[in-house]
Amino acid sequence: MTKDLYSLHGKVALVTGASRGLGQGMAVGLAEAGADVIGAGISDMSETRRQIEKLGRKFYELKADLSEPDAAKQLVLNAVIEAGKIDILVNNAGIIRRSDAEKFSDEDWNAVINVNLNSVFQLCREVGNHMLENGSGKIINIASMLSFQGGLRVPAYTASKHAVAGLTKSLANEWVSRGVNVNAIAPGYMETDNTEALRANEERNAFITSRIPKGEWGKPEDLKGPVVFLASEASSYVNGHVLCVDGGWMSS
Ligand code: NAD
């Protein structure tokens, strides 16, 4: 009985940035729980496809450059044509640019805000309309520890992730009574391409690792359980929540 609460059989999930890292981990986790998956992004998704098809689930690959202003609208149109519907949206695609704040360029600022915030809002709006028409849906935005903290040398990333947390709560208030839950996952320090520069810096790496109560960086697989929970009936009364998956970082 309780197990059925977590089943995603018959559901279709749209996951952005599903080619690698956290997006790949979450896409595979959703498929393990029974969902078919639409992967959207700019990089090759053959490894994600291989893992999902091995589970007997369908995988649809859609090219979409989310730095482009009209990409979200077109992506959602294509996704509904391909898969028939979208029950779950995971706004995962994201980028980071590092530079001292006083030298941070407009180009880097706009690049980060376009992918990490503007496209997230646009996808929430476009998929939100589709879900509101169907009277149900689950939206999961990927936030960060830098939705709560300032970080170092990443002002645009921090601004975008604070905004993602606020946007999640704002949409959650408007849509839950119409069947659409909006929540976020804030991963801690996870081993992916996105954090390669941090891990390559021995001093930063040692400092960060020593501050994580669990004593180790997270892995993409660590997001499988949390994303399935937020995508399933198990979380139907959870709304506007930013779930930290961080080995205890926020409490240390
Ligand atoms: P990653 O760099 O490994 O993967 C990012 C994904 O986004 C890739 O599939 C990439 O192709 C896609 N992408 C990038 N630009 C795109 C664009 N213009 N259009 C479409 N797709 C695009 O990063 P990751 O670590 O897996 O991060 C995934 C998400 O998790 C991001 O939103 C990131 O900010 C967030 N996050 C990561 C960590 C971490 O420690 N790795 C921590 C907190 C939050």
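Numbering of ligands and ligand atoms starts at 1, following listing order.
- Within the 4.0 Å heavy-atom cutoff, Y157 counts among the residues contacting ligand 1.
- Below 4.0 Å from some heavy atom of G94 lie the following atoms of ligand 1, by number and element: 5 (C), 7 (O), 31 (C), 32 (O).
- In this structure, G188 has a heavy atom closer than 4.0 Å to ligand 1.
- Considering only non-hydrogen atoms, atom 25 (O) of ligand 1 lies nearest to T192 out of L223, V90, L75, T192.
- W217 and N205 form a side-chain donor-acceptor contact under 3.5 Å, judged by distance and modelled atom types alone.
- If you check each of L66, I185, I95 against atom 17 (C) of ligand 1, the one with the closest non-hydrogen atom is L66.
- For ligand 1 and M190, the ligand atoms under 4.0 Å from any heavy atom of the residue are 39 (C), 40 (O), 41 (N).
- Aromatic ring pairs are classed by plane angle as parallel below 30°, tilted from 30° to 60° and perpendicular above 60°; the pair F229 and Y6 is tilted.
- Heavy atoms from both the backbone and the side chain of N92 come within less than 4.0 Å of ligand 1.
- Evaluated by nearest non-hydrogen atom to atom 20 (C) of ligand 1, the leading choice among A64, A27, A71 is A64.
- The closest approach between M145 and ligand 1 stays at or above 4.0 Å for every heavy atom of the residue.
- Residue V115 has no N or O atom closer than 3.5 Å to an N or O atom of ligand 1.
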